[in-house]
Participant: 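Before anything else, here's the structure in question.
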Amino acid sequence: MKAIILAAGKGKRLLSEQHDMPKVMREALGKPLLRYVVENLSFIEKKEDIIIVAGYKKEKVFEAFSDGYTFAVQDEQKGTGHAVNCAKDLFADYDGPVLVCYGDMPMFKKSTYENLVKVHEESGNDCTILTGITDRKLAYGRIVRDEQGNFVGVVEDKDCTPEQKAITELNVGIYVFDAKKLFPCLSELKSNNAQGEYYLTDVPSIMISKGYKIGTYSTHDGNEILGVNTPEELALCESLLK
(Lines give C-alpha, C1' and ligand atoms only; values in the text may rest on other atoms or scores of the structure.)
Protein backbone atom coordinates (compact mmCIF):
# COMPACT_ATOMS: atom_id res chain seq x y z
CA MET A 1 0.00 0.00 0.00
CA LYS A 2 1.27 3.45 -0.93
CA ALA A 3 -0.12 6.95 -0.50
CA ILE A 4 0.35 10.31 -2.21
CA ILE A 5 -0.33 13.42 -0.12
CA LEU A 6 -0.84 16.61 -2.10
CA ALA A 7 1.01 19.31 -0.17
CA ALA A 8 2.33 21.80 -2.73
CA GLY A 9 -0.11 24.67 -2.25
CA LYS A 10 0.74 28.20 -1.24
CA GLY A 11 -2.41 28.84 0.81
CA LYS A 12 -3.13 32.32 -0.52
CA ARG A 13 -6.56 32.60 1.13
CA LEU A 14 -5.03 31.31 4.37
CA LEU A 15 -2.57 34.23 4.21
CA SER A 16 0.29 31.73 4.54
CA GLU A 17 2.68 34.08 2.72
CA GLN A 18 2.51 36.38 5.72
CA HIS A 19 3.69 33.43 7.81
CA ASP A 20 6.44 32.55 5.29
CA MET A 21 5.40 28.91 5.05
CA PRO A 22 3.41 26.59 2.77
CA LYS A 23 -0.23 25.93 3.55
CA VAL A 24 0.31 22.42 4.96
CA MET A 25 2.84 23.74 7.49
CA ARG A 26 0.31 26.08 9.09
CA GLU A 27 -0.39 24.82 12.57
CA ALA A 28 -3.56 23.68 14.34
CA LEU A 29 -3.07 23.28 18.10
CA GLY A 30 0.69 23.68 17.63
CA LYS A 31 1.05 20.93 15.01
CA PRO A 32 1.36 21.30 11.22
CA LEU A 33 -1.77 20.33 9.30
CA LEU A 34 0.30 17.82 7.33
CA ARG A 35 1.40 16.07 10.53
CA TYR A 36 -2.24 15.13 11.31
CA VAL A 37 -2.55 13.58 7.87
CA VAL A 38 0.62 11.45 8.04
CA GLU A 39 -0.31 10.28 11.54
CA ASN A 40 -3.69 9.11 10.25
CA LEU A 41 -1.94 7.18 7.48
CA SER A 42 0.17 5.28 10.02
CA PHE A 43 -1.54 2.01 8.97
CA ILE A 44 0.87 2.17 6.00
CA GLU A 45 3.77 0.44 7.68
CA LYS A 46 6.72 1.95 5.83
CA LYS A 47 7.05 5.71 5.93
CA GLU A 48 8.83 5.70 2.58
CA ASP A 49 5.59 4.41 1.02
CA ILE A 50 3.98 7.76 1.88
CA ILE A 51 4.91 10.25 -0.86
CA ILE A 52 4.50 13.93 -0.06
CA VAL A 53 4.17 16.18 -3.12
CA ALA A 54 5.66 19.52 -2.06
CA GLY A 55 5.97 22.78 -3.99
CA TYR A 56 5.75 26.23 -2.47
CA LYS A 57 8.49 26.66 0.21
CA LYS A 58 9.15 22.94 -0.23
CA GLU A 59 12.35 23.03 1.87
CA LYS A 60 10.23 23.67 4.97
CA VAL A 61 8.22 20.51 4.27
CA PHE A 62 11.39 18.48 3.56
CA GLU A 63 12.91 19.62 6.83
CA ALA A 64 9.85 18.95 9.00
CA PHE A 65 9.16 15.50 7.48
CA SER A 66 12.73 14.26 7.00
CA ASP A 67 12.03 11.27 9.27
CA GLY A 68 11.58 8.71 6.49
CA TYR A 69 8.93 10.05 4.11
CA THR A 70 9.45 10.18 0.34
CA PHE A 71 9.08 13.45 -1.58
CA ALA A 72 8.03 14.49 -5.05
CA VAL A 73 8.10 18.09 -6.28
CA GLN A 74 5.42 20.12 -8.06
CA ASP A 75 7.22 23.32 -9.06
CA GLU A 76 4.31 24.80 -10.98
CA GLN A 77 0.77 24.59 -9.59
CA LYS A 78 -1.13 23.14 -12.55
CA GLY A 79 -3.90 21.37 -10.65
CA THR A 80 -4.46 18.22 -8.63
CA GLY A 81 -4.05 15.83 -11.57
CA HIS A 82 -0.70 17.41 -12.41
CA ALA A 83 0.34 17.19 -8.73
CA VAL A 84 -0.28 13.43 -8.60
CA ASN A 85 1.57 12.97 -11.90
CA CYS A 86 4.64 14.65 -10.35
CA ALA A 87 5.05 11.42 -8.32
CA LYS A 88 4.79 9.18 -11.39
CA ASP A 89 8.47 8.14 -11.52
CA LEU A 90 8.25 6.75 -7.98
CA PHE A 91 5.60 4.26 -9.14
CA ALA A 92 7.39 2.80 -12.18
CA ASP A 93 7.88 -0.61 -10.52
CA TYR A 94 4.80 -0.59 -8.30
CA ASP A 95 1.64 -2.59 -8.96
CA GLY A 96 -0.91 -2.08 -6.22
CA PRO A 97 -3.29 0.39 -4.60
CA VAL A 98 -2.41 4.05 -4.03
CA LEU A 99 -4.38 6.35 -1.74
CA VAL A 100 -4.45 10.00 -2.82
CA CYS A 101 -5.29 12.59 -0.17
CA TYR A 102 -4.61 16.17 0.91
CA GLY A 103 -2.18 17.70 3.36
CA ASP A 104 -4.61 20.47 4.30
CA MET A 105 -7.41 18.16 5.50
CA PRO A 106 -6.44 17.28 9.09
CA MET A 107 -9.84 16.04 10.24
CA PHE A 108 -10.01 12.66 8.48
CA LYS A 109 -9.83 9.73 10.86
CA LYS A 110 -7.42 6.85 10.38
CA SER A 111 -10.42 4.47 10.37
CA THR A 112 -11.99 6.32 7.42
CA TYR A 113 -8.85 5.93 5.32
CA GLU A 114 -8.58 2.28 6.36
CA ASN A 115 -12.23 1.57 5.47
CA LEU A 116 -11.80 3.25 2.08
CA VAL A 117 -8.82 1.00 1.31
CA LYS A 118 -10.69 -2.08 2.58
CA VAL A 119 -13.71 -1.37 0.34
CA HIS A 120 -11.39 -0.81 -2.62
CA GLU A 121 -9.63 -4.13 -2.16
CA GLU A 122 -12.66 -6.23 -1.21
CA SER A 123 -14.72 -4.89 -4.14
CA GLY A 124 -11.92 -5.35 -6.68
CA ASN A 125 -12.27 -1.72 -7.76
CA ASP A 126 -9.88 0.12 -10.04
CA CYS A 127 -10.87 3.37 -8.35
CA THR A 128 -12.74 3.95 -5.10
CA ILE A 129 -13.95 7.46 -4.31
CA LEU A 130 -14.43 8.74 -0.79
CA THR A 131 -17.65 10.74 -0.60
CA GLY A 132 -19.02 12.83 2.23
CA ILE A 133 -22.72 12.88 3.03
CA THR A 134 -23.64 16.09 4.82
CA ASP A 135 -26.10 18.97 4.92
CA ARG A 136 -23.20 21.42 5.36
CA LYS A 137 -23.14 23.97 2.54
CA LEU A 138 -19.64 23.35 1.21
CA ALA A 139 -18.31 24.39 -2.21
CA TYR A 140 -17.41 20.80 -3.13
CA GLY A 141 -18.26 18.88 -6.27
CA ARG A 142 -21.46 16.81 -6.16
CA ILE A 143 -21.55 13.07 -6.77
CA VAL A 144 -23.90 12.25 -9.65
CA ARG A 145 -25.42 8.77 -9.83
CA ASP A 146 -27.69 7.00 -12.31
CA GLU A 147 -31.10 5.51 -11.48
CA GLN A 148 -29.44 2.31 -10.26
CA GLY A 149 -27.27 4.31 -7.87
CA ASN A 150 -24.05 3.78 -9.84
CA PHE A 151 -21.45 6.53 -9.90
CA VAL A 152 -21.64 8.58 -13.10
CA GLY A 153 -19.40 11.56 -12.42
CA VAL A 154 -18.60 14.64 -10.38
CA VAL A 155 -20.04 18.09 -11.11
CA GLU A 156 -17.99 20.95 -9.65
CA ASP A 157 -19.91 23.25 -7.33
CA LYS A 158 -19.71 26.25 -9.68
CA ASP A 159 -21.09 24.16 -12.57
CA CYS A 160 -24.07 22.71 -10.66
CA THR A 161 -27.67 23.21 -11.74
CA PRO A 162 -30.08 24.14 -8.90
CA GLU A 163 -31.09 20.44 -8.71
CA GLN A 164 -27.47 19.31 -8.47
CA LYS A 165 -26.77 21.94 -5.79
CA ALA A 166 -29.29 20.08 -3.61
CA ILE A 167 -27.27 16.83 -3.74
CA THR A 168 -25.90 16.11 -0.26
CA GLU A 169 -23.26 13.57 -1.38
CA LEU A 170 -20.04 15.49 -1.91
CA ASN A 171 -16.74 14.67 -3.57
CA VAL A 172 -14.04 15.27 -0.97
CA GLY A 173 -11.17 14.63 -3.41
CA ILE A 174 -9.80 11.48 -1.77
CA TYR A 175 -9.42 8.28 -3.76
CA VAL A 176 -7.78 4.88 -3.89
CA PHE A 177 -6.60 3.92 -7.37
CA ASP A 178 -4.98 0.92 -8.97
CA ALA A 179 -1.60 2.58 -9.61
CA LYS A 180 -0.99 0.82 -12.94
CA LYS A 181 -4.28 2.23 -14.27
CA LEU A 182 -4.04 5.67 -12.64
CA PHE A 183 -0.93 7.07 -14.33
CA PRO A 184 -1.93 6.29 -17.96
CA CYS A 185 -5.28 8.00 -17.27
CA LEU A 186 -3.50 11.08 -15.86
CA SER A 187 -1.75 11.47 -19.22
CA GLU A 188 -5.18 11.85 -20.84
CA LEU A 189 -6.29 14.78 -18.67
CA LYS A 190 -7.14 18.02 -20.48
CA SER A 191 -6.79 21.53 -19.07
CA ASN A 192 -9.71 23.03 -20.99
CA ASN A 193 -11.42 24.56 -17.94
CA ALA A 194 -11.70 28.00 -16.38
CA GLN A 195 -8.51 27.51 -14.33
CA GLY A 196 -6.47 25.95 -17.14
CA GLU A 197 -5.57 23.12 -14.75
CA TYR A 198 -5.46 19.31 -14.83
CA TYR A 199 -8.05 18.01 -12.38
CA LEU A 200 -7.83 14.67 -10.61
CA THR A 201 -11.65 14.71 -10.43
CA ASP A 202 -11.72 13.96 -14.18
CA VAL A 203 -9.85 10.67 -13.78
CA PRO A 204 -12.83 8.51 -12.66
CA SER A 205 -14.76 9.55 -15.80
CA ILE A 206 -11.77 8.57 -17.97
CA MET A 207 -11.65 5.24 -16.13
CA ILE A 208 -15.38 4.66 -16.71
CA SER A 209 -14.86 5.25 -20.45
CA LYS A 210 -12.26 2.45 -20.39
CA GLY A 211 -14.61 0.03 -18.64
CA TYR A 212 -12.74 0.11 -15.32
CA LYS A 213 -14.59 -0.61 -12.09
CA ILE A 214 -15.43 2.45 -9.98
CA GLY A 215 -16.84 2.29 -6.46
CA THR A 216 -17.48 4.63 -3.56
CA TYR A 217 -17.21 4.66 0.21
CA SER A 218 -19.03 7.31 2.23
CA THR A 219 -18.43 9.07 5.50
CA HIS A 220 -21.41 10.67 7.25
CA ASP A 221 -19.22 12.83 9.49
CA GLY A 222 -19.64 16.41 8.28
CA ASN A 223 -16.69 17.60 10.36
CA GLU A 224 -14.29 15.08 8.90
CA ILE A 225 -14.50 16.42 5.37
CA LEU A 226 -13.53 19.99 6.25
CA GLY A 227 -10.41 21.40 4.63
CA VAL A 228 -8.42 24.46 5.64
CA ASN A 229 -8.45 27.29 3.10
CA THR A 230 -9.09 30.39 5.21
CA PRO A 231 -8.17 31.65 8.70
CA GLU A 232 -11.81 30.99 9.71
CA GLU A 233 -11.60 27.37 8.59
CA LEU A 234 -8.32 26.94 10.43
CA ALA A 235 -9.95 28.27 13.61
CA LEU A 236 -12.92 25.92 13.11
CA CYS A 237 -10.66 22.87 12.64
CA GLU A 238 -8.70 23.83 15.76
CA SER A 239 -11.86 24.02 17.83
CA LEU A 240 -13.05 20.63 16.52
CA LEU A 241 -9.64 18.99 17.05
CA LYS A 242 -9.76 20.03 20.70
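Nothing here was measured: the structure is a model prediction, and the numbers come from that model.
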Participant: Given side chain to side chain contact (heavy atoms under 4.5 Å, CB included), test N85 with H82 step by step and report yes or no.
Facilitator: CA-CA 5 Å; N85 213 32; H82 173 254; 5.5 Å; no
Participant: Say you draw a straight line from CD1 of I214 to CZ of F177; how long is it, rounded to the nearest 0.5 Å?
Facilitator: 8.0 Å
Participant: Does anything in residues 86-111 form a ring pair (Phe, Tyr, Trp, His ring centres under 6.0 Å)? List the pairs, not counting sequence neighbours.
Facilitator: F91-Y94, F91-F183, F108-Y113
Participant: Are side-chain heavy atoms of L189 and I206 found at a separation under 4.5 Å?
Facilitator: yes
Participant: Do you know which two heavy atoms are closest between G222 and R136, and how far apart they sit?
Facilitator: O-NE, 3.1 Å
Participant: Just to verify, which of V172, L6, I4, I174 counts as forming a side-chain contact (heavy atoms from CB on, under 4.5 Å) with C101?
Facilitator: I174
Participant: Would you name the heavy atoms of A8 and A54 that are closest together and state the gap between them?
Facilitator: CB-C, 3.7 Å
Participant: Check step by step if salt bridge (Lys or Arg N to Asp or Glu O under 4.0 Å) holds for D20 and K60.
Facilitator: CA-CA 10 Å; D20 192 37; K60 299 203 177 211; 3.3 Å; yes
Participant: Are any of the side-chain heavy atoms of V203 and L186 separated by less than 4.5 Å?
Facilitator: yes
Participant: To the closest 0.5 Å, what do you measure between CD (E188) and OG (S205)?
Facilitator: 12.0 Å
Participant: Same cluster or not: are I51 and Y69 linked, directly or through other Ile, Leu, Val, Met, Phe, Trp or Tyr residues, by side-chain heavy atoms under 4.5 angstrom apart?
Facilitator: yes
Participant: Quick one: side-chain hydrogen bond (donor to acceptor under 3.5 Å, both in side chains) pairs with a partner in residues 150-160, sequence neighbours left out?
Facilitator: R142-D157, D146-N150, E156-T201, D157-K165
Participant: Do you reckon L90 sits in the same ILVMFWY cluster as V38, going by side-chain contacts under 4.5 Å, direct or chained?
Facilitator: yes
Participant: Do the non-hydrogen side-chain atoms of P204 and Y175 ever get within less than 4.5 Å of each other?
Facilitator: yes
Participant: Please say yes or no: joined through hydrophobic side-chain contacts below 4.5 Å, possibly via intermediate residues, are I129 and I208 part of one cluster?
Facilitator: yes
Participant: For C185 and K181, work out which heavy atoms get closest and say how close.
Facilitator: SG-O, 3.3 Å
Participant: So do T134 and T219 actually touch side chain to side chain, heavy atoms under 4.5 Å?
Facilitator: no
Participant: According to ring pair (Phe, Tyr, Trp, His ring centres under 6.0 Å), does anything in residues 201-242 pair up with another residue at least two apart or in another chain? List the pairs.
Facilitator: none
Participant: What's the separation between atom NZ in K213 and atom NE2 in H120, rounded to the nearest 0.5 Å?
Facilitator: 10.5 Å
Participant: So, are K2 and D49 salt-bridged, with charged N and O less than 4.0 Å apart?
Facilitator: yes
Participant: Side chains of L240 and M107: closer than 4.5 Å at any heavy-atom pair?
Facilitator: yes
Participant: Are Y56 and M21 grouped together when hydrophobic residues (ILVMFWY) are joined by side-chain heavy atoms under 4.5 angstrom apart?
Facilitator: no
Participant: Linking Ile, Leu, Val, Met, Phe, Trp and Tyr through side-chain heavy atoms less than 4.5 Å apart, which residues share a cluster with L234?
Facilitator: L14, L33, V228
Participant: For the NZ atom on K47, are there more than 12 heavy atoms of other groups (residues, nucleotides or ligands in this structure) within a distance under 6.0 Å?
Facilitator: yes
Participant: Would you name the heavy atoms of V61 and M25 that are closest together and state the gap between them?
Facilitator: CG2-CG, 4.0 Å
Participant: Find out whether V24 and V37 are in side-chain contact, i.e. whether some heavy atom of one side chain is under 4.5 Å from a heavy atom of the other.
Facilitator: no
Participant: Within a radius of less than 6.0 Å around CD of E63, do more than 12 heavy atoms belonging to other residues, nucleotides or ligands occur?
Facilitator: no
Participant: Do I225 and L236 belong to the same hydrophobic cluster, where Ile, Leu, Val, Met, Phe, Trp and Tyr are linked whenever their side-chain heavy atoms lie under 4.5 Å apart, directly or via other members?
Facilitator: yes
Participant: Judged by atom type as modelled, is there a donor-acceptor pair below 3.5 Å linking the side chain of T80 to the main-chain atoms of L200?
Facilitator: yes
Participant: Can you tell me how far CG of D178 sits from CG of D95, rounded to the nearest 0.5 angstrom?
Facilitator: 6.0 Å
Participant: How would you list all residue pairs meeting side-chain hydrogen bond (donor to acceptor under 3.5 Å, both in side chains) that involve residues 232-242, not counting sequence neighbours?
Facilitator: T230-E232
Participant: Ion pair present between D104 and R26, side-chain N to carboxylate O less than 4.0 angstrom?
Facilitator: no
Participant: Might you work through the salt bridge (Lys or Arg N to Asp or Glu O under 4.0 Å) test for K109 and D221, ending with a clear yes or no?
Facilitator: CA-CA 10 Å; K109 299 191 214 49; D221 183 342; 2.8 Å; yes
Participant: Can you tell me how far apart CD1 (I50) and OG (S42) are? Round to the nearest 0.5 Å.
Facilitator: 8.0 Å
Participant: Would you confirm whether T70, through its side chain, and E48, through its main-chain N or O, come within 3.5 Å as a donor-acceptor pair?
Facilitator: yes
Participant: Quick check: closest heavy atoms across D126 and M207, and the distance to 0.1 Å?
Facilitator: O-CE, 4.1 Å
Participant: Does K31 make a cation-pi contact with Y36, if we ask for NZ or CZ under 6.0 Å from the ring centre and within 45° of the axis?
Facilitator: yes
Participant: The criterion is salt bridge (Lys or Arg N to Asp or Glu O under 4.0 Å); which residues satisfy it with R35, sequence neighbours excluded?
Facilitator: D67
Participant: How close do I143 and I167 get, counting heavy atoms only, and between which atoms?
Facilitator: O-CG2, 3.7 Å
Participant: Between E121 and T128, is any pair of side-chain heavy atoms under 4.5 Å apart?
Facilitator: no
Participant: Is the NZ atom of K118 crowded by more than 12 outside heavy atoms at less than 6.0 Å?
Facilitator: no
Participant: Let me confirm one number: the CD-NZ distance from Q74 to K58, rounded to the nearest 0.5 Å.
Facilitator: 11.0 Å
